[in-house]
Amino acid sequence: MKKILPFIILALVAIPAGLWVAQTVFSPAPAQAKALDFSLPDMQGKLHSLSGWRNKVVVLNFWATWCPPCREEIPDFITLQKTYGDAGVQVIGVALDNREEVIAFYTGMGMNYPVLIGEQDAFNIMADFGETTGSLPYTVVLNTEGKIVAQKLGALDLPRMEALIKPHVSNLQAGAVSRP
């Protein structure tokens, strides 16, 4: 029994850890899952609806200025928008933060894609898109028909971002993304 006990303890620790890892890696969403429409204000207070970006591959990123992994992945979202914007990709940030903090961060980072300010409403929208724990960052990819095709809890890097969008974008620009 003494020889088996460490294996039982290891199994009891490994199972929840495995479930956590499985939750934080890329998970494709059911192809028939239609994205919910919502409206949130941008940094100038103008309301934007998600449906306004139909016919584009939308990379919807829920983030906050106080979230270190969110801050780390934003330069790759900037590169993604710059590289694939002309191919029909639209990155949209949904900030779970206050307007003043977002404006300062946006300007300082040189962000090149729209950011909507959700504050507490963004948590509810994020839950509607499948992330009910309130953890950040959380990214959802929508195809040109507005269907959810991928979801990812946790930070993304540029190669993973590209892997998520490429199956859903026609006429991608030739060549690889130049990396620093």
Side-chain angles (χ1 to χ4, degrees), residues 12-53 57-78 80-81 89-109 111-143 146-161 163-165 168:
L12 291 173
V13 171
I15 290 171
L19 292 173
W20 179 81
V21 168
Q23 178 183 354
T24 61
V25 297
F26 160 74
S27 62
Q32 73 278 5
K34 188 93 172 177
L36 302 171
D37 198 16
F38 65 86
S39 295
L40 288 173
D42 63 15
M43 291 178 288
Q44 291 73 38
K46 180 181 176 191
L47 275 180
H48 293 272
S49 174
L50 180 61
S51 61
W53 285 287
V57 173
V58 173
V59 180
L60 191 61
N61 177 248
F62 294 88
W63 67 284
T65 61
W66 44 261
C67 166
C70 301
R71 296 169 70 100
E72 290 172 18
E73 70 180 357
I74 285 178
D76 286 339
F77 281 117
I78 292 169
L80 189 77
Q81 182 63 51
V89 173
Q90 182 61 63
V91 176
I92 302 169
V94 178
L96 289 78
D97 215 328
N98 72 60
R99 184 176 177 268
E100 292 77 24
E101 294 289 327
V102 172
I103 291 171
F105 185 81
Y106 184 95
T107 304
M109 288 296 292
M111 294 170 76
N112 60 350
Y113 54 88
V115 172
L116 307 179
I117 312 294
E119 298 187 34
Q120 187 58 41
D121 290 339
F123 281 102
N124 299 331
I125 293 167
M126 188 170 69
D128 290 342
F129 278 89
E131 177 34 45
T132 58
T133 68
S135 298
L136 294 174
Y138 182 62
T139 303
V140 178
V141 178
L142 310 172
N143 67 13
K147 294 180 181 176
I148 299 169
V149 294
Q151 299 161 289
K152 168 72 170 73
L153 176 59
L156 284 166
D157 58 17
L158 188 57
R160 287 184 182 154
M161 291 176 190
L164 293 175
I165 65 166
H168 310 287

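Reckoned from all heavy atoms, side chains included, excluding hydrogens, waters and symmetry mates. Sequential numbering from 1 along the given sequence is applied to the chain's residues.
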Looking at T132 and A127, what are the two nearest heavy atoms and their distance? CG2-O, 4.1 Å
List in chain and number order the residues that pass side-chain hydrogen bond (donor to acceptor under 3.5 Å, both in side chains) with D97, two or more places apart in sequence or in another chain; answer none if no residue qualifies. T65
Indicate the ring-plane relationship of Y113 and F77, choosing parallel, tilted or perpendicular according to the 30° and 60° boundaries. perpendicular
Has the side chain of E131 got a donor or acceptor atom that lies under 3.5 Å from a matching backbone atom of M126? no
Going by the angle between their ring planes, with limits at 30° and 60°, are F129 and F62 parallel, tilted or perpendicular? tilted
Of all the heavy-atom pairs spanning L164 and A150, show the shortest one and how long it is. CD2-CB, 3.8 Å
For the student: nearest non-hydrogen atoms of D76 and L158, plus distance: OD2-N, 3.2 Å
Side chain to side chain donor-acceptor pair (under 3.5 Å) partners of residues 39-53, not counting sequence neighbours, each pair once: D37-S49, D37-S51, D42-H48, S49-S51
Exercise: identify the closest heavy-atom pair between V140 and Y138: CG2-CE2, 3.5 Å
Identify, with sequence neighbours excluded, every residue that meets ring-ring contact (aromatic ring centres under 6.0 Å, His included) alongside Y106. none
Note, F38 side chain near L116 side chain (heavy atom, < 4.5 Å): yes
Listed partners of E119 passing side chain to side chain contact (heavy atoms under 4.5 Å, CB included), at least two apart: N98, I117
Shortest non-hydrogen pair, L156 vs E73, comes out as N-OE1, 2.8 Å
What residues, two or more places apart in sequence or in another chain, satisfy side chain to side chain contact (heavy atoms under 4.5 Å, CB included) together with P69? C67, P137, A155
Could you tell me whether the side chain of V57 reaches within less than 4.5 Å of the side chain of V149, counting heavy atoms only? no
